[in-house]
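Right, one structure below, let's go through it.
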Amino acid sequence: MTVSQRLLELRKSIPEGVELVAVSKFHPSEAIMDAYGAGQRVFGESRALELEAKAGELPADIDWHFIGHLQTNKVRKVVAHASLIHSIDSERLLRAVDDEAAKAGREPGVLLQLHVAKEETKFGFTPEELLDFVTPELLASLKAVEIRGVMGMASNVDDEDRIRSDFREIRTAFDSLRAGVFASSPSFSIVSMGMSHDWPIAVEEGGNMIRVGTSIFGEREY
Ligand SMILES: *Cc1c(COP(=O)(O)O)cnc(C)c1O
């Protein structure tokens, strides 16, 4: 199947109200244009330089999301192109994105990345850390960015119960924040979870934005 056929198949199986981010990292611009031709506008990239290069040559109405680990020295490039940054994993990074966005006159949305998976190397806040971190004072101090939700990944395992409970933990943290510090912020609404192999479980557990690469574009060649 071609990229556009796989995309259309996938779209048919995604319930209404769930946003698809087509993860195009490591895939060439031609593949992105195939998906674009099939109507896709939201694409996810995980490296700042790759985002910059693709955004420079592809149609201006593409909505770029940044989903990878972001180092503070790359923040400017990402802020210049991304409308939503999924991977805010520290206060330092949040402040850096906010500073650069204010300087550039941009107002990107950001998602706070949760660490619930059992892998040691994953970035992000634990649910407990996140609930402590997000205070009314923090929100009042932000100049340009808007916190629009949370992002997370499940453990990279075959055990469906484990995957499900990881997603449930992400959704529960989101619900606590929404009922608390974001109670009067309707734009705090995004639960970004689920990838090619586990997105149906993520959606069952309350995810409303999925990040799918391999099922659309095929395997990546690193
Ligand atoms: C690469 C990546 C994806 C997409 O993964 P697939 O398995 O190819 O669907 C989703 N989220 C993040 C954070 C990624 O880095």
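Order of listing sets the numbers, starting from 1, for every ligand and every atom in it.
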Practice task
Please collect all side-chain hydrogen bond (donor to acceptor under 3.5 Å, both in side chains) contacts where either partner lies in residues 102-116, sequence neighbours excluded, each pair once.
Solution key: none
Handout entry: Carboxylate-amine/guanidinium proximity below 4.0 Å for Asp98 and Arg95
Key = no
Completion exercise
Nearest heavy-atom approach of Ala38 to Leu8 is O-CD2, 4.1 Å
Exercise for the section: Treat each ILVMFWY residue as a node, draw an edge where side-chain heavy atoms are under 4.5 Å apart, and state whether Leu114 and Val110 are in one component. Expected result: yes
Exercise for the section: List every atom of ligand 1 that sits less than 4.0 Å from any heavy atom of Gly213, numbering the atoms from 1 in the order shown and giving each element. Expected result: 4 (C), 6 (P), 8 (O), 9 (O)
Practice task
Return the orientation label for the Phe43 and Phe217 ring planes: parallel under 30°, perpendicular over 60°, tilted otherwise.
Solution key: tilted
Problem - Per-atom contacts, ligand 1 versus Val212 - under 4.0 Å to a heavy atom - result: 9 (O)
Exercise for the section: Around atom 5 (O) of ligand 1, find the nearest protein heavy atom and jot down its residue, atom name and distance. Expected result: Met195 CE, 3.5 Å
Practice task
Could you tell me whether Ser196 approaches ligand 1 through its side chain, its backbone, both or neither, with non-hydrogen atoms closer than 4.0 Å?
Solution key: both
Practice task
Can you pull out the closest protein heavy atom to atom 8 (O) of ligand 1? Residue, atom name and distance to 0.1 Å, please.
Solution key: Thr214 OG1, 2.5 Å
Exercise for the section: Decide whether an N or O pair under 3.5 Å exists between Ser46 and ligand 1. Expected result: no
Exercise for the section: Among all protein heavy atoms, pick the one closest to atom 12 (C) of ligand 1 and tell me residue, atom and distance. Expected result: Ile67 CD1, 3.6 Å
Problem - Closest to atom 10 (C) of ligand 1 (judged by heavy-atom distance), picking from Lys25, Arg211, Glu219 - result: Arg211
Handout entry: Partners passing side-chain contact (heavy atoms from CB on, under 4.5 Å) against Ser187 (at least two apart in sequence or in another chain)
Key = Glu146, Arg148
Handout entry: Sub-4.0 Å heavy-atom approach of His86 to ligand 1
Key = no
Practice task
Go through the side-chain N and O atoms of Glu45 and Ser24 and say whether any donor and acceptor fall under 3.5 Å apart.
Solution key: yes
Practice task
Determine whether the side chain, the backbone, both or neither of Met153 has a heavy atom under 4.0 Å from any heavy atom of ligand 1.
Solution key: side chain
